[in-house]
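Naming: A, B, ... by sequence-line order, numbering from 1 per chain.
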Amino acid sequence: MTVRVRFAPSPTGYLHIGGARTALFNWLFARKRGGKFILRIEDTDQKRTVPGAIEAIMDGLRWLGLDWDEGPDVGGPFGPYIQTERADLYREWANWLVEHDHAYKCYCTPDELAEMRQEQMAKKQSVGYDGRCRHLTPQQRAEKEAAGLKPVIRFKAPREGETIVPDLIRGDITYQNKQITDSVLLKSDGLPTYHLANVVDDHFMQISHIMRADEWINTAPLHIHLYRAFGWEQPIYAHLSLVMNPSGKGKLSKRTQAFTDSGQQVLVKVSEFQEAGLLPEAVVNFLANVGWSFGDDVEKFTLAEAMPRFELEDINPAPSRLNYTKLDWLNGQYIQEMEPLALAQAVKPYLDAAGLEVNPEALLAVMPPMSKRLKRLPEAVEFLRFLFDDAPFELTVEQATHKHMPREAAQQAFRQMRDLVAAIEPYDAETLGQALMKLGESVTANGKAGPFLGTARLAMTGQKVSPPLFESMVALGRERSLARLDAVLALFEEIGD
RNA sequence: GCCCCCAUCGUCUAGGGGACUAGGACGUAGGCCUUUCAAGCCUAAAACAGGAGUUCGAAUCUCCUUGGGGGCACCA
């Protein structure tokens with residue numbers, strides 16, 4: 001069997017991370033089976049269609065490295081791949097259903113339907129269209145038409161029996177047909193609803209497997225009836241679990257929650273992951289671990305490695321939340337592996353944006369030690385500010401001293417350090433390191449260099465956390481290092497008298 | 001209200017009747033290393049929602065309860 005799967009978003013905005021995961025699983029499956037991955041745009045709700053959304057979605061997919069074989073931009077043998085460009089096809093098949101007694105015209109107005117729903121709710125009945133237009137006589141129909149009412153086409157759903165939805169992930173799901181309502185297939189604006197467009201397209205695009213989120217599961221029996229009414233073969237279903245909010249309350253959405261309990265921003269759009277300085281390899285790796293597992297206790301892997309192992313049957317049916325902290329860890333792992341030059345290039349835009357005047361050489365020099373400290377690229381801005389900004393930072397005598405190195409000793413230590421830095425040759429990390437270690441051991445009460453080096457770091461960088469001290473001083477250069485030492489010494493003088 | 005799905009450490013997961021004193025990862029705690037912070041390494045705490053049943057034997061199968069989620073539009 002030729003595998004053909006599709007990702008079919010509606011262009012109502014950005015690419016959602018949950019959608020990205022659906023796309024990823026489809027992609028993985030298509031690649032594993034040597035099939036085709038198709039991108040189709042479901043834009044039949046023109047009110048919700050947002051200009052530019054198609055591009056935004058494609059950008060998101062491209063960033064993640066999910067390429068498609070057929071789609072709006074690349075075309076393909078079953079196009080067009082944008083539903084509004086296929087409107088005639090749907091109309092044709094909607095009419096076909098009417099002609100074959102599988103569908104009928106309905107003239108109910110929105111008000112009328114709302115009223116019906118209210119009544120049903122008031123009576124605590126199940127809500128759904130009651131089929132009142134099913135048996136209109138030709139005369140009644142003519143009257144409605146004469147009154148200028150524009151009809152919709154509704155499916156004539158079977159009222160008896162049951163329908164089984166076979167699902168690769170969940171097994172057979174049984175529905176009582178009496179619960180399936182006469183859904184609208186063709187709207188009064190002449191465009192199809194999701195149900196019709198989806199079934200018609202999946203058929204003519206020869207889709208073999210439908211992988212989509214759990215939220216669509218209840219539409220499956222209806223769609224199965226449509227396939228039967230048309231006399232078409234139904235695809236194989238596999239309903240993926242939903243991606244939930246970190247709180248566990250509801251499916252992940254833009255609105256619900258902006259921050260997690262630990263204060264992290266809840267990223268939702270793929271573009272937000274990108275802007276947050278996360279690497280696409282990490283995001284995609286992370287996503288693959290949600291609802292699927294590589295096996296062998298392996299957490300970090302590439303898509304190429306995952307692909308041969310991917311099986312639909314292995315997908316976990318339970319909904320899951322996104323663990324953003326784990327994503328950061330994974331991202332850090334990928335950053336550690338980056339070549340210094342690549343990392344410098346990745347980090348530079350953020351430094352530029354922060355208004356820092358970046359010296360490329362100095363930047364490159366501190367990349368190796370930085371790579372172990374970065375979880376997300378933009379963090380580099382605060383880490384490296386000291387390197388590209390000579391504005392004096394706030395420092396107190398308290399910070400420049402230590403319990404094992406009180407005021408007098410600290411002042412003395414910094415004086416010695418200044419002399420040492422001024423004279424040392426060569427001015428490199430190793431020489432500097434050895435000398436400063438020795439100095440440190442001689443100036444602290446406990447004979448350990450740690451307390452001294454900690455304060456020295458503060459004096460050089462203004463930060464408790466920075467690239468390692470010696471490398472930082474080398475990157476800074478002798479002159480600027482001396483200037484910062486002078487600043488500390490001045491601090492002691494000022495307060496001292 | 002009706003229908004559907006789901007249920008293993010805080011989170012993501014492994015587990016498909018005996019290999020389970022339930023494994024891994026993130027996070028957390030402690031330790032080592034160390035030039036602070038990281039990174040790395042080691043250790044620890046931490047889960048089969050509850051109840052019946054099937055079986056010699058159940059995290060694994062069935063049912064019920066509970067809890068969570070989704071759906072019930074001329075939205076997708």
Would [X] and [Y] count as a cation-pi pair here, with the cationic atom under 6.0 angstrom from the ring centre and within 45° of the axis?
{"X": "A:R141", "Y": "A:Y107", "result": "no"}
{"X": "A:K300", "Y": "A:Y334", "result": "yes"}
{"X": "A:R373", "Y": "A:F383", "result": "no"}

Do the rings of A:F204 and A:W93 sit parallel, tilted or perpendicular, given the 30° and 60° boundaries?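 Taking A:W93 first and then A:F204, their aromatic rings sit tilted (interplane angle of 30° to 60°).
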Would you measure the distance from the [atom1] atom in [N] across to the matching atom in [M] and give it in whole Å?
{"N": "B:rG24", "M": "B:rG51", "atom1": "C1'", "value": "31 Å"}
{"N": "B:rG15", "M": "B:rU34", "atom1": "C1'", "value": "40 Å"}
{"N": "B:rU66", "M": "B:rA25", "atom1": "C1'", "value": "30 Å"}
{"N": "B:rC4", "M": "B:rU8", "atom1": "C1'", "value": "23 Å"}
{"N": "B:rC42", "M": "B:rC33", "atom1": "C1'", "value": "11 Å"}
{"N": "B:rA58", "M": "B:rG17", "atom1": "C1'", "value": "6 Å"}
{"N": "B:rC32", "M": "B:rA38", "atom1": "P", "value": "15 Å"}
{"N": "B:rG70", "M": "B:rC20", "atom1": "C1'", "value": "34 Å"}

- Any donor and acceptor pair, going by atom type alone, linking the side chain of A:R6 with main-chain N or O of A:I38 inside 3.5 Å? no
Just by distance, do the side chain of A:T461 and the backbone of A:L458 share a donor-acceptor pair under 3.5 Å?
-> no
Rounded interatomic separation in angstrom, taking [atom1] from [X] and [atom2] from [N]:
{"X": "A:I173", "N": "B:rG69", "atom1": "CD1", "atom2": "P", "value": "20 Å"}
{"X": "A:E162", "N": "B:rC4", "atom1": "CD", "atom2": "P", "value": "11 Å"}
{"X": "A:D172", "N": "B:rC5", "atom1": "CG", "atom2": "P", "value": "11 Å"}
{"X": "A:I224", "N": "B:rC4", "atom1": "CD1", "atom2": "P", "value": "15 Å"}

Judged by nearest nucleotide, the residue sitting upstream toward the 5' end of RNA chain B, A:I169 or A:L453, is A:I169
Practice item. State which residues pass side chain to side chain donor-acceptor pair (under 3.5 Å) with A:E339; sequence neighbours excluded, sorted by chain then number. Key: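 Counting only residues at least two positions away or on another chain, A:E339 forms no side chain to side chain donor-acceptor pair (under 3.5 Å).
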Residues at least two apart in sequence or cross-chain that pass side chain to side chain donor-acceptor pair (under 3.5 Å) with A:E311, listed by chain then number, are A:K32
Counting only Watson-Crick or G-U wobble pairs whose two distances fall under 3.5 Å, which nucleotide matches [N]?
{"N": "B:rU21", "value": "none"}
{"N": "B:rU55", "value": "none"}
{"N": "B:rC26", "value": "B:rG10"}
{"N": "B:rC2", "value": "B:rG71"}

So, [X] and [Y]: side-chain donor and acceptor under 3.5 Å apart, yes or no?
{"X": "A:Y194", "Y": "A:D45", "value": "no"}
{"X": "A:Y81", "Y": "A:D201", "value": "no"}
{"X": "A:S481", "Y": "A:Y427", "value": "yes"}
{"X": "A:D43", "Y": "A:T84", "value": "yes"}

Close N/O contacts between protein and nucleotides 37-43 of chain B (under 3.5 Å):
from: B:rC37; atom 1: O2; to: A:R373; atom 2: NH1; distance (Å): 2.6
from: B:rC37; atom 1: N3; to: A:R373; atom 2: NH1; distance (Å): 2.2
from: B:rA38; atom 1: O2'; to: A:K372; atom 2: O; distance (Å): 2.8
from: B:rA39; atom 1: OP1; to: A:K375; atom 2: NZ; distance (Å): 3.4
from: B:rA39; atom 1: O3'; to: A:Q336; atom 2: NE2; distance (Å): 3.1
from: B:rA39; atom 1: O2'; to: A:Q336; atom 2: OE1; distance (Å): 3.3
from: B:rG40; atom 1: OP1; to: A:Q333; atom 2: NE2; distance (Å): 3.3

Indicate yes or no: does A:R309 engage A:D296 in a salt bridge with an N to O separation below 4.0 Å.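 Salt bridge between A:R309 and A:D296, a charged N being under 4.0 Å from a carboxylate O: yes.
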Query - Pairing of A:D182 and A:R159 as salt bridge, 4.0 angstrom limit - result: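 Between A:R159 and A:D182 there is a salt bridge, with a charged N closer than 4.0 Å to a carboxylate O.
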Any N/O pairs under 3.5 Å between the protein and nucleotides 59-63 of chain B? List them or say none.
none

Could you list, one pair per line, each protein nitrogen or oxygen that sits under 3.5 Å from a nitrogen or oxygen of nucleotides 8-15 of chain B, together with the distance?
from: B:rU11; atom 1: O2; to: A:N323; atom 2: ND2; distance (Å): 3.1
from: B:rC12; atom 1: OP1; to: A:R321; atom 2: N; distance (Å): 3.0
from: B:rC12; atom 1: O2'; to: A:N289; atom 2: O; distance (Å): 2.8
from: B:rC12; atom 1: O2; to: A:K326; atom 2: NZ; distance (Å): 3.1
from: B:rU13; atom 1: OP1; to: A:G291; atom 2: N; distance (Å): 2.5
from: B:rU13; atom 1: OP1; to: A:S320; atom 2: OG; distance (Å): 3.4

I need the A:H195 NE2 to A:L226 CG distance, nearest 0.5 Å.
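One gets 8.5 Å once the value is rounded to the nearest 0.5 Å.
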Readout for nucleotides 70-76 of chain B: B = base within 4.0 Å of protein heavy atom, S = sugar-phosphate only, - = neither; 5' to 3' it is BSSSBBB
